[in-house]
Each structure stands twice: as structure tokens, then as C-alpha cells.
Amino acid sequence: MNVKLIKTETDYQNALSRLEVIFDAKSGTPESDEADILGLLIDEYEKKHYPITAPDPIEAIKIRMEEMQLKQTDLIEAIGGKSRVSEVLSRKRKLTVGMIRSLTTKLNLSASLLIGEY
């Protein structure tokens, strides 16, 4: 096992290549331990160099709508009126506290995600 810190993009690519080779190693083997360590190192490198930011509230709503296979008309009860849903999703109207409460329940999204700036 020759594991070292990932400091460069080349180190990162090499670590990914090595992990691909030993990914299915039998538990309890040196290769399995190496895979676990490489996984942690790769994860830390990716958090630092390829951060994933949370979507803004409108994007979060659209993503959840797609996941739940909902249409804009399915949000009328939570937002209030077909034109209001359209205005909110096109960013012409801001979400109100009441809308956020309803959407939190309907879409199972956290209120903290929906109160963000957009």
C-alpha cells in the first residue's frame, strides 16, 4: 500500500485510477484498507477543489418538482393561483412565509433552503 496525500490534479487522477482498480477488494484485505483510505483522501480533495453548493430556492423547487414528477399546476394549492406559481418559478415574485410553509410540507424541503436569497 503506497498511499499519499492528494495535493495536485495529477495526484487526484492517479488516486481515482487506483481506487477503480481496488474498489471491489474483499473486506479485511490490504487492498480494502487502501480503498477506504483513498476514498477519504479523494473525498477531502473534492470538497476543497470541487465544492457543491446548494441550489437557490427556486432551483430547489424545480429540482424537487422534477423528482416528484409534478407540474406547475400541482403547486397552485401551496403557492396560490396558476399565475402566481408561474411568477414565483420565473423569479418575478418572491416566496412569502406562507408559501414557504406550504412548500416545505408539499415538497418535503427544508425551510432553511427555501428562505435563501435568489
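Just so you know, these numbers come straight off a predicted model, no measurement behind them.
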(message) So that I can tick it off, tell me whether K92 and E87 are bridged by a salt bridge, with the cut-off set at under 4.0 angstrom between side-chain N and carboxylate O.
(response) no
**OP:** Show the numbers, then the answer: is there a side-chain contact (heavy atoms from CB on, under 4.5 Å) between Y45 and L5?
**Re:** CA-CA 9 Å; Y45 184 86; L5 289 177; over 6 Å; no
Residues S32 and A25: closest non-hydrogen pair is N-CB, 3.6 Å
CG of L19 to CG of D36, rounded to nearest 0.5 Å, is 9.5 Å
Quiz item: Is there a chain of hydrophobic side chains (I, L, V, M, F, W, Y, each step under 4.5 Å between heavy atoms) that links I52 to L113?
Solution: no
In this structure, CG of N14 is separated from CD1 of I6 (nearest 0.5 Å) by 9.5 Å
| task | State plainly whether the residues E34 and R18 are in salt-bridge range, i.e. N to O under 4.0 Å. | result | yes
Output a table of donor-acceptor pairs, distance under 3.5 Å, between side-chain atoms of residues 66-78 and any protein atom two or more places apart or on a different chain; print 'none' if there are none.
from, atom 1, to, atom 2, distance (Å)
E67, OE1, R64, NE, 2.8
D74, OD2, K71, N, 2.7

The reported gap from CZ in R101 to OG1 in T96 (rounded to nearest 0.5 angstrom) is 9.0 Å
I'd like to know if the side chain of D43 and the backbone of G39 have a donor-acceptor N/O pair within less than 3.5 Å. no
Closest non-hydrogen atoms of V88 and I58, given as atom of the first, atom of the second and distance, are O-CD1, 3.4 Å
field: L16 vs E20 side-chain heavy atoms within contact, under 4.5 Å
entry: no
For this session: Could you label the plane-to-plane angle of the Y50 and Y12 rings as parallel, tilted or perpendicular, counting under 30° as parallel and over 60° as perpendicular?
Result: tilted
Determine whether I100 and L95 make a side-chain contact, defined as any pair of heavy atoms from C-beta on separated by less than 4.5 Å. yes
Does atom CD (E46) have a neighbourhood of more than 12 heavy atoms from anything else shown, all under 6.0 Å? yes
Value for CG (L38) from CD1 (I22), rounded to nearest 0.5 Å, stands at 5.0 Å
By side-chain hydrogen bond (donor to acceptor under 3.5 Å, both in side chains), D56 pairs with (sequence neighbours left out) R91
Interatomic distance, CG@L103 vs CD1@I79, rounded to 0.5 Å, equals 4.5 Å
Practice problem: Can you establish whether the number of heavy atoms outside K94 located under 6.0 Å from its atom NZ is more than 12? | Solution: yes
Might you confirm whether atom CZ of F23 has over 12 heavy atoms from other residues, nucleotides or ligands at distances under 6.0 Å? no
Verdict with reasoning, M99 to R84, per side-chain contact (heavy atoms from CB on, under 4.5 Å): CA-CA 11 Å; M99 291 176 193; R84 185 165 292 165; 3.3 Å; yes
Query raised in the report: If Ile, Leu, Val, Met, Phe, Trp and Tyr residues are connected whenever their side-chain heavy atoms lie under 4.5 Å apart, and connections chain through other members, are L89 and Y118 in the same group?
Result: yes
message: Let me check something: do L107 and I115 share a hydrophobic cluster, defined by ILVMFWY side-chain heavy atoms less than 4.5 Å apart, either directly or through other members?
response: yes
